Participant: 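Quick one: this structure, given as structure tokens, is what I'll be asking you about.
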Amino acid sequence: MRPLIHSRLVNPPFGDPGLYIEFMFERRGMLFDLGDLRPLSDRRLLRVSHVFVSHTHMDHFAGFDRMIRILLGRDRTLYLFGPQGFIERVWHRLASYTWNLVRNFKTDLVLVVGEYAGGSGMTVARLSCRDGFAVESLAPRPAPHGILVDRPDYRVRAAVVDHGIPCLAFTIEQKQHVNVWRNRVEEMGFRVGPWLRELKQAILRGDDVGSAFRVHWRDADGTARDEVHPLGELRDRLTGIVPGQKITYVTDVRWSESNRDAIVELARNSDLLYIEAAFLDADADLAAAKNHLTAAQAGRLARAAAVRRMLPFHFSPRYGDREADLRQEAEAHFGGGTAVAK
Ligand SMILES: [Zn+2]
């Protein structure tokens with residue numbers, strides 16, 4: 001079955017870093033980093049409900065204004081997450097504009113901003129347009145193991161990494177999902193009803209396939225009907241399992257043992273790893289001085305995390321004519337089936 005989340009880099013690999021994630025069939029999107037957003041249409045940006053910012057160097061945050069400009073005047077809540085100091089940075093960006101007219105707005109744009117500095121909790125603030133985006137502190141929220149968002153169908157987790165400053169790497173893990181073939185429900189003589197949700201839950205819980213499952217429904221004339229079947233039979237005849245996808249985004253980190261451990265733990269077994277490969281290994285000293293990875297280091301991290309596909313990006317402009325060298329170096333150290341980022 002087709003994966004339910006699609007991801008793509010916002011810009012070509014020499015442009016500003018950023019990843020756009022779209023949930024198929026839901027018109028819902030997410031953004032990892034807010035650099036140059038010009039390649040994204042207003043329509044796509046309007047779908048974004050959650051934004052995750054690795055750090056506030058300009059190439060990761062300059063698109064914040066465009067995002068706010070598009071949402072202004074709409075009744076919306078936008079969730080933003082970033083590293084230590086993020087709430088203050090967001091407020092400063094907004095405070096450079098004049099907001100004397102917003103009290104008369106019929107709509108309210110609300111930003112809920114989470115700041116994750118490691119550990120098992122995060123600082124949260126609410127900035128509402130009608131209040132001129134004044135910072136209202138909310139109660140801290142739990143973030144066990146760096147989990148920033150936990151929804152029935154997916155979760156997003158962060159790890160604090162060192163870029164000379166605290167920076168966040170992110171992973172989105174879509175949970176396993178059960179699809180029901182409606183036509184087969186009718187073929188078996190049943191009708192749809194709340195029992196389908198119970199069936200999905202029993203399958204996801206891993207209940208014994210031999211256990212008896214009661215299918216109950218009402219016929220067109222309102223007669224209550226029920227039948228008992230083994231769970232395994234219903235699972236095999238009526239449903240398909242869509243495995244969860246894991247997509248990890250790592251950029252702007254120095255090569256160090258603690259970064260290595262944090263990244264490998266976060267990215268382990270990802271289906272896709274987007275990872276910066278800023279420098280060639282011949283310039284490893286320069287990479288270290290600028291707190292970035294080399295392509296070889298990116299490849300080694302992808303290999304250690306046993307990811308299925310690696311997509312290197314955030315190439316330093318100094319290699320403008322050597323993109324192939326960066327990709328080859330990363331691939332050589334990954335040793336897997338490196339995909340070519342489009
Ligand atoms: Zn940076």
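These numbers were taken from a predicted model, which means no experiment stands behind them. In each ligand, atom 1 is the first atom listed, and ligand 1 is the first ligand listed.
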Participant: Flag the pair R214 and D226 as a salt bridge only when some basic side-chain nitrogen lies within less than 4.0 angstrom of an acidic carboxylate oxygen.
Facilitator: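 Salt bridge present between R214 and D226.
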Participant: Partners of F64 by ring pair (Phe, Tyr, Trp, His ring centres under 6.0 Å), sequence neighbours excluded?
Facilitator: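 For F64 the ring pair (Phe, Tyr, Trp, His ring centres under 6.0 Å) partners, ignoring immediate neighbours, are F61.
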Participant: Does the distance from a Lys or Arg side-chain N to an Asp or Glu carboxylate O, for R191 and E186, drop under 4.0 Å?
Facilitator: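 Here R191 does not pair with E186 in a salt bridge, since their nearest N and O are not under 4.0 Å apart.
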Participant: What are the protein N, O or S atoms, given as residue plus atom name, that sit under 2.8 Å from the Zn ion (ligand 1)?
Facilitator: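 Short answer, with waters excluded from the count: H55 NE2, H57 ND1, H163 NE2, D252 OD2.
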Participant: Under the side-chain hydrogen bond (donor to acceptor under 3.5 Å, both in side chains) rule, what pairs show up with a residue in residues 31-42, not counting sequence neighbours?
Facilitator: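 Of all non-adjacent pairs touching residues 31-42, those that pass side-chain hydrogen bond (donor to acceptor under 3.5 Å, both in side chains) are D33-S54, D33-H60, D33-Y249, D36-R38, D42-R66.
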Participant: side-chain hydrogen bond (donor to acceptor under 3.5 Å, both in side chains): which pairs involve residues 193-202, sequence neighbours left out?
Facilitator: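 Non-adjacent pairs meeting side-chain hydrogen bond (donor to acceptor under 3.5 Å, both in side chains): E198-H216.
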Participant: Do E22 and R28 sit within salt-bridge range, that is, some charged N less than 4.0 Å from a carboxylate O?
Facilitator: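 Looking at R28 together with E22, the answer is no, because their closest N to O distance does not fall below 4.0 Å.
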